Amino acid sequence: MALERQHVLTKKEKAVMRVVYHEAEKQGGACLLTPIDIFSQIPLDIDIEESELDTTLKNLEIDEYFDLTLSDRKGELVYCINMQKKGLQFARVERAFKSNVMFRLIFAACTATVGALVGWGIRLLIAHFQ
């Protein structure tokens, strides 16, 4: 079984999508966000510029995670976001992907342990019959 990548988002896209998802989830699938709102919730280890934010949001819109409308509120840029089906499934798909990866890591560790025990047992049998 190959590891399925159901969503191929960059690190920056995932960070932005997490922020948008959490805000939209609080407000029933739609939200109004300013760039400052988004930047304040993105982890500091992710280096994202303001120009990259616009591109990232547009890419997520193209990938049908949400509908994006740019608006102006008292001279401040506001993103009007309405989540689509794919966007509402974002958290579930991420959990499933992480769970799948964790299962594979545990399975690999168990397989390696069993292999080592079988090898050890064979060595003992060979040493016993010599």
Side-chain angles (χ1 to χ4, degrees):
M1 289 185 344
L3 189 60
E4 294 179 25
R5 294 213 25 128
Q6 295 171 339
H7 58 293
V8 184
L9 297 178
T10 65
K11 189 175 183 180
K12 292 176 184 180
E13 288 173 336
K14 283 183 185 179
V16 170
M17 190 60 205
R18 282 186 193 110
V19 172
V20 170
Y21 176 81
H22 290 299
E23 289 300 317
E25 183 181 43
K26 291 178 193 175
Q27 301 173 18
C31 62
L32 298 174
L33 292 171
T34 63
I36 294 170
D37 295 335
I38 296 172
F39 284 123
S40 67
Q41 295 181 43
I42 292 179
L44 295 175
D45 64 329
I46 297 175
D47 187 32
I48 186 168
E49 302 294 324
E50 190 166 352
S51 61
E52 291 176 303
L53 179 61
D54 288 335
T55 304
T56 301
L57 287 168
K58 289 190 190 308
N59 288 341
L60 290 169
E61 180 185 26
I62 290 169
D63 290 341
E64 297 180 353
Y65 283 92
F66 49 74
D67 291 322
L68 177 68
T69 305
L70 302 177
S71 183
D72 189 295
R73 179 175 57 190
K74 297 180 183 175
E76 183 180 24
L77 175 64
V78 176
Y79 301 111
C80 303
I81 297 172
N82 188 18
M83 300 296 282
Q84 290 185 359
K85 183 178 178 182
K86 192 174 180 180
L88 294 171
Q89 294 174 345
F90 173 75
R92 185 182 60 78
V93 170
E94 277 229 321
R95 276 193 307 274
F97 181 76
K98 287 179 183 177
S99 174
N100 192 8
V101 169
M102 193 59 132
F103 170 76
R104 290 177 183 277
L105 288 173
I106 291 171
F107 182 75
C110 291
T111 304
T113 302
V114 169
L117 289 174
V118 168
W120 180 68
I122 291 173
R123 270 192 237 122
L124 280 177
L125 284 172
I126 291 173
H128 180 70
F129 289 113
Q130 281 185 347

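Predicted model, so just to flag it, every value in this text is computed and none were measured.
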Novice: Which residue, Thr34, Asp37, Asp54, forms the side-chain hydrogen bond (donor to acceptor under 3.5 Å, both in side chains) with Tyr79?
Specialist: Asp54

Novice: Does a donor on one side chain and an acceptor on the other come within less than 3.5 Å for Tyr65 and Asn59?
Specialist: no

Novice: How about CD on Glu64, more than 12 heavy atoms from neighbouring residues, nucleotides or ligands closer than 6.0 Å, or not?
Specialist: no

Novice: To the nearest 0.5 Å, tell me how far Thr55 OG1 sits from Leu60 CG.
Specialist: 11.0 Å

Novice: Once rounded to the nearest 0.5 Å, what's the spacing between atom OG1 of Thr10 and atom CD1 of Ile48?
Specialist: 8.0 Å

Novice: Indicate if Tyr21 and Val78 have the same hydrophobic cluster label, given that clusters are the connected sets of ILVMFWY residues with side-chain heavy-atom separations under 4.5 angstrom.
Specialist: no

Novice: Please name the pair of heavy atoms, one in Asp47 and one in Glu52, separated by the smallest distance, quoted to 0.1 Å.
Specialist: O-OE1, 3.9 Å

Novice: Does the Ser99 side chain pair with the main chain of Arg95, one donor and one acceptor, at a distance under 3.5 Å?
Specialist: no

Novice: Taking all non-hydrogen atoms of both residues, which atom of Met17 and which atom of Phe66 are closest, and how far apart?
Specialist: SD-CE2, 3.9 Å

Novice: I'd like to know if Leu105 and Phe97 are part of one continuous hydrophobic network [Ile/Leu/Val/Met/Phe/Trp/Tyr, side-chain heavy atoms within less than 4.5 Å].
Specialist: yes

Novice: Report the distance from atom CZ of Phe39 to atom CG of Leu44, rounding to the nearest 0.5 Å.
Specialist: 12.0 Å

Novice: Which pair of heavy atoms, one from Leu32 and one from Cys80, lies closest together, and at what distance?
Specialist: CD2-SG, 3.4 Å

Novice: Is the shortest distance from a Lys or Arg side-chain nitrogen in Glu61 or Lys58 to a carboxylate oxygen in the other one below 4.0 Å?
Specialist: no

Novice: At their closest point, which heavy atom of Ala30 faces which heavy atom of Asn82, and how far apart are they?
Specialist: CB-OD1, 3.9 Å

Novice: Report yes or no: do Leu53 and Leu70 belong to one cluster of Ile/Leu/Val/Met/Phe/Trp/Tyr joined by side chain heavy-atom distances under 4.5 Å?
Specialist: yes

Novice: Are the side chains of Val20 and Leu57 in contact, using a 4.5 Å heavy-atom criterion?
Specialist: yes

Novice: Is there a continuous path of hydrophobic side-chain contacts, each under 4.5 Å between heavy atoms, that joins Val118 to Ile126?
Specialist: yes

Novice: CD1 of Ile38 to CD1 of Ile81: how many Å apart, nearest 0.5 Å?
Specialist: 5.5 Å

Novice: List the atom of Met83, the atom of Ala24, and the distance in Å for their closest heavy-atom pair.
Specialist: CG-CB, 3.4 Å

Novice: Give a yes or no on this: more than 12 heavy atoms of other residues, nucleotides or ligands lie within 6.0 Å of atom CD of Glu50.
Specialist: no

Novice: May I ask you to decide if Ile46's main-chain N or O and Lys11's side chain share a donor-acceptor pair within less than 3.5 Å?
Specialist: no

Novice: Rounded to the nearest 0.5 Å, what separation is found between the CD atom of Gln41 and the CG atom of Leu33?
Specialist: 7.5 Å

